[in-house]
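Data first, discussion second: the structure below is written as structure tokens.
Scope of the values below: all heavy atoms of this structure, side chains included, with no hydrogens, waters or symmetry mates. Just so you know, ligand 1 is whichever comes first in the structure, and atom 1 is the first atom listed for that ligand. The structure presented is a predicted model; accordingly, all values stated were derived computationally and were not measured.
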Amino acid sequence: MNKSKICIVGAGPGGCSTALFLAKKGIPSILIDKATFPRDKICGDGVSGWVLNILNKLDPSINYQLTEKPYQVPSWGARFVAPNHQVLDVPFKIEDAVNDDLPAGFVSKRIDFDNFLVDQAKQNPLIDFIEGTEINHFETGKEAAVLRDSSGKEFYCQIAVFANGAYSKFSKQLAGIKMEKKHYIAGIRSYYKGVNGTHKKNYIELHFLKNLLPGYFWIFPLPNGEANVGLGMRSDKISKKKVNLKKELYELLQSHPDLKERFKNAEQIDTPKGFGLPLGSKKRKISGERFMLIGDAASLIDPFTGEGIGNAMASGMYAAIHAQKCLEKGDYSAKFMEGYDRYTYGRIGSELKLSTLMQDLLNFPWLFSLIVNKVISNPTLRNTMSCMLTDIEVRAQLKKPSFYFKVLFG
Ligand SMILES: Cc1cc2nc3c(=O)[nH]c(=O)nc-3n(C[C@H](O)[C@H](O)[C@H](O)COP(=O)(O)OP(=O)(O)OC[C@H]3O[C@@H](n4cnc5c(N)ncnc54)[C@H](O)[C@@H]3O)c2cc1C
């Protein structure tokens, strides 16, 4: 019989993180994915310092293993292009640097990065990894919860962790999470080779173009002269402006004054593919009797940057912490499971709120451009921005009107 204390549905970054943190605590789990790995995931492929911090908590050697992989490039900063075309380069600085000799971020195709995490799970004797199995049924009982796949195969556990991504039907069925266009981004990704003008230290590029706000066009450099190129926009604006993202992408690359030069010799190596990004701009219920939701299934994507790998892995870590408490107490009631909601929002809630505020700022392109102009000409402000990219305490200044006053008139 397939039985474990914890069953995890979905082996993306969120699911792998849950299983690996549980294993670190000596708790066995079954990790199930409908795909067979390696598998692709539509993404910008940006692996931030937040991800490296979490991997470091798991095992500091993992980041070093990742550095040695030929399929990643280290990234040392971010390039912001404001609506008025001004360019702002901000190096990443991490106050609590994971390791001084490691970069603050990477770019790696998800087919490789996710497989790297899956390999860590496969090598762990406490994780029973099952691929090619789609779970489509969940029910709770007095003694256990049951998960079932389409062939009728059953998995028994005390707690189910749903880490099955943006299109999770369990999020809707169990927690009532619906797709709300105001809290959702639609994104497309394509791969190119030979894009000119990328930063020599592999800065990720975020272009805040007027007609894409709130959202952006990106170029994230990859090994072998390749780049992940894409764009994302909030779904309510897409509907309102009747935007066709694929058409928009091709138009930009052919007619935007800066981009058409940079793409004139570039070769497209994969056609654009789309996927949804459920944002954490609204607080949701993310647990119930005998279950927790993780990562995209819990709508935890950063509303400003579109970054979701870090929060998926962090929520996996928090779920492991809470699962241990439940097992120790033998309490799997909805009320006790709520401790996971409190813990998760307690840790990343203020950051999500701040990013929602920054997303709101994008409704005022002139203000955004003005701030970028000021930061470009002021080294102290540039330094503050560097810290803001990685330090939530410094970023909290963005909540204060006095910050904008100082930037604009200081
Ligand atoms: C266009 C785009 C660009 C993005 N760019 C970035 C970026 O640059 N950086 C960043 O940090 N984030 C980015 N994100 C967000 C990021 O991709 C997600 O936040 C992240 O993948 C969430 O991880 P997860 O583990 O929650 O879900 P996923 O990575 O989606 O993994 C879910 C897993 O569940 C499996 N699964 C689904 N249903 C079932 C089922 N019923 N039974 C069993 N298995 C199932 C799937 O096969 C999959 O392996 C982007 C997203 C998009 C769409």
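Note: no N/O pair closer than 3.5 Å links A312 and ligand 1 by distance alone.
Look at T133 and you'll find a heavy atom under 4.0 Å from some atom of ligand 1. Within the structure, ligand 1 has R110 among the residues with a heavy atom less than 4.0 angstrom away. Look at A163 and you'll find a heavy atom under 4.0 Å from some atom of ligand 1. For G230, the heavy-atom gap to ligand 1 stays at 4.0 angstrom or more. Within the 4.0 Å heavy-atom shell around ligand 1 one does not find N136. In this structure, A166 does not count as a contact residue of ligand 1, since none of its heavy atoms falls inside 4.0 Å of the ligand. Taking 4.0 Å as the cut-off, W218 counts as a neighbour of ligand 1 on heavy-atom distance.
In this structure the side chain of L147 never reaches within 4.5 angstrom of the side chain of F291, judged on heavy atoms. The shortest side-chain heavy-atom distance between C157 and I6 does not fall under the 4.5 Å cut-off.
A donor-acceptor pair under 3.5 Å is absent between the side-chain atoms of N202 and the main chain of V73, judged by distance alone.
Between E251 and K260 there is no salt bridge, since no side-chain nitrogen of the basic residue lies less than 4.0 Å from a carboxylate oxygen of the acidic one.
For R189, no heavy-atom contact with ligand 1 is shorter than 4.0 Å. When non-hydrogen atoms are compared, ligand 1 lies under 4.0 Å from the backbone of D45 (N, CA, C, O) but not from its side chain. At a heavy-atom distance under 4.0 Å, only side-chain atoms of L277, from C-beta outward, approach ligand 1. Residue contacts with ligand 1 for N164 involve both N, CA, C or O and side-chain atoms from C-beta outward (heavy atoms, distance under 4.0 Å). Of all the heavy atoms of K169, none lies under 4.0 Å from any atom of ligand 1, so neither backbone nor side chain is involved.
Relative ring orientation between F170 and F138 is described as perpendicular, the plane-to-plane angle rising above 60° on a 0-90° scale split at 30° and 60°.
Taking CZ from R342 and OG from S287, the interatomic distance works out to 9.0 Å, rounded to the nearest 0.5 Å.
Relative to atom 49 (O) of ligand 1, the option among D33, I42, I188 with the closest non-hydrogen atom is D33. The option from P13, C43, G187 that lies nearest to atom 2 (C) of ligand 1, judged by heavy atoms, is C43.
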